[in-house]
Amino acid sequence: MLNFSEQPTSSIYQYIFDLFAKLGLPDQQAHIVTAAGLLFAFAVLLYALDYIMRKVFYSALNRIARRTSTKWDDFLLENKVHVRVSRTILVLLTRQLLPMIFLGFPVLTAALVKLLDIVVLLTIYHLVNSLLKTCRDIFRSSNAFKDKPIDSYLQVVQIF
């Protein structure tokens, strides 16, 4: 599971690893403690970013949507597009940074990358689905599309 011949290339990882090695930890334990510490710090960072997006971004969008007379921004909020965008950003950030945390664990890194690729696809699917539902709601509110089977068109696009 550990590959000691591969030198970690991340300066943060290497700095923390060297710090634990100077404290007298064997290489294997230093890799494990370094990865666990970076994983904890990364989880705290993601939680903080999620909190900031929820409190600042969501509340600002809600205030803007309430002040405008247009309906499309209300539909965006109803279909939670802003939530999907922020989740997609967090998952993409995780996909990019998590392999740097597990530099000394190539097998685990490969498995995590594959898993995160699937999660990225799912979050993008949910984002696109929310956007499609928003378009459906906008078309439903238009007089030109009142008598059209918009839900059927939406389902065809979703299947595609």
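Heavy-atom basis, side chains included; hydrogens, waters and symmetry copies ignored.
- In this structure, CG in D74 is found 10.5 Å from OG in S141, a value given to the nearest 0.5 Å.
- Under the 4.5 Å side-chain criterion, counting only non-hydrogen atoms from C-beta, D27 is in contact with F17.
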Full working for side chain to side chain contact (heavy atoms under 4.5 Å, CB included) between S59 and R63:
CA-CA 6 Å; S59 63; R63 276 187 256 125; 3.4 Å; yes
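- L93 and Y51 fall into different hydrophobic clusters, defined by Ile, Leu, Val, Met, Phe, Trp and Tyr side-chain heavy atoms under 4.5 Å apart, directly or through other members.
- Linking ILVMFWY residues whenever their side-chain heavy atoms come closer than 4.5 Å, directly or via other members, leaves Y125 and V85 in distinct clusters.
- Placement of F20 and Y15 within a single hydrophobic cluster is found when ILVMFWY residues are connected by side-chain heavy-atom separations under 4.5 Å, directly or transitively.
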Before you tell me yes or no, could you show the steps for K71 and D137 under salt bridge (Lys or Arg N to Asp or Glu O under 4.0 Å), namely the whole-Å CA-CA distance, both residues' side-chain angles and the distance that decides it to 0.1 Å?
CA-CA 9 Å; K71 288 298 239 178; D137 293 342; over 6 Å; no
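- The distance from the OG1 atom of T34 to the CG atom of L19 is 8.0 Å, given to the nearest 0.5 Å.
- Note: L98 CG to L46 CG = 8.5 Å, rounded to the nearest 0.5 Å.
- For the side chain to side chain contact (heavy atoms under 4.5 Å, CB included) criterion with R95, the lone passing option out of L116, L112, T123, V119 is L116.
- In this structure, L45 is a member of the same hydrophobic cluster as L90, with clusters built from ILVMFWY side-chain heavy atoms closer than 4.5 Å.
- In this structure, H31 NE2 and L25 CG are separated by 11.5 Å, a value rounded to the nearest 0.5 Å.
- A 4.5 Å side-chain heavy-atom check between H82 and L77 finds at least one atom pair inside the cut-off.
- V128 and L122 end up in different hydrophobic clusters when Ile, Leu, Val, Met, Phe, Trp and Tyr side chains are linked at under 4.5 Å.
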Please step through side chain to side chain contact (heavy atoms under 4.5 Å, CB included) for the pair I124 and V91, ending with a clear verdict.
CA-CA 10 Å; I124 290 173; V91 168; over 6 Å; no
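- When all heavy atoms of A30 and A21 are compared, the closest pair comes out as CB-N, 4.4 Å.
- With a 4.5 Å cut-off on side-chain heavy atoms, Q96 and L92 do not count as touching.
- With N62 contributing its side chain and Y58 its backbone, the two residues share a donor-acceptor pair below 3.5 Å.
- Side-chain contact between L38 and F42 is absent, with no heavy atoms from C-beta onward closer than 4.5 Å.
- The closest side-chain heavy-atom distance from M53 to I89 is below 4.5 Å.
- Atom OG in S130 sits 9.0 Å away from atom NZ in K80 (nearest 0.5 Å).
- A donor-acceptor contact closer than 3.5 angstrom links the side chains of T134 and N79.
- F40 shares a hydrophobic cluster with V44; the chain of contacts runs through ILVMFWY side chains whose heavy atoms sit under 4.5 Å apart.
- Taking CZ from F75 and SG from C135, the interatomic distance works out to 11.0 Å, rounded to the nearest 0.5 Å.
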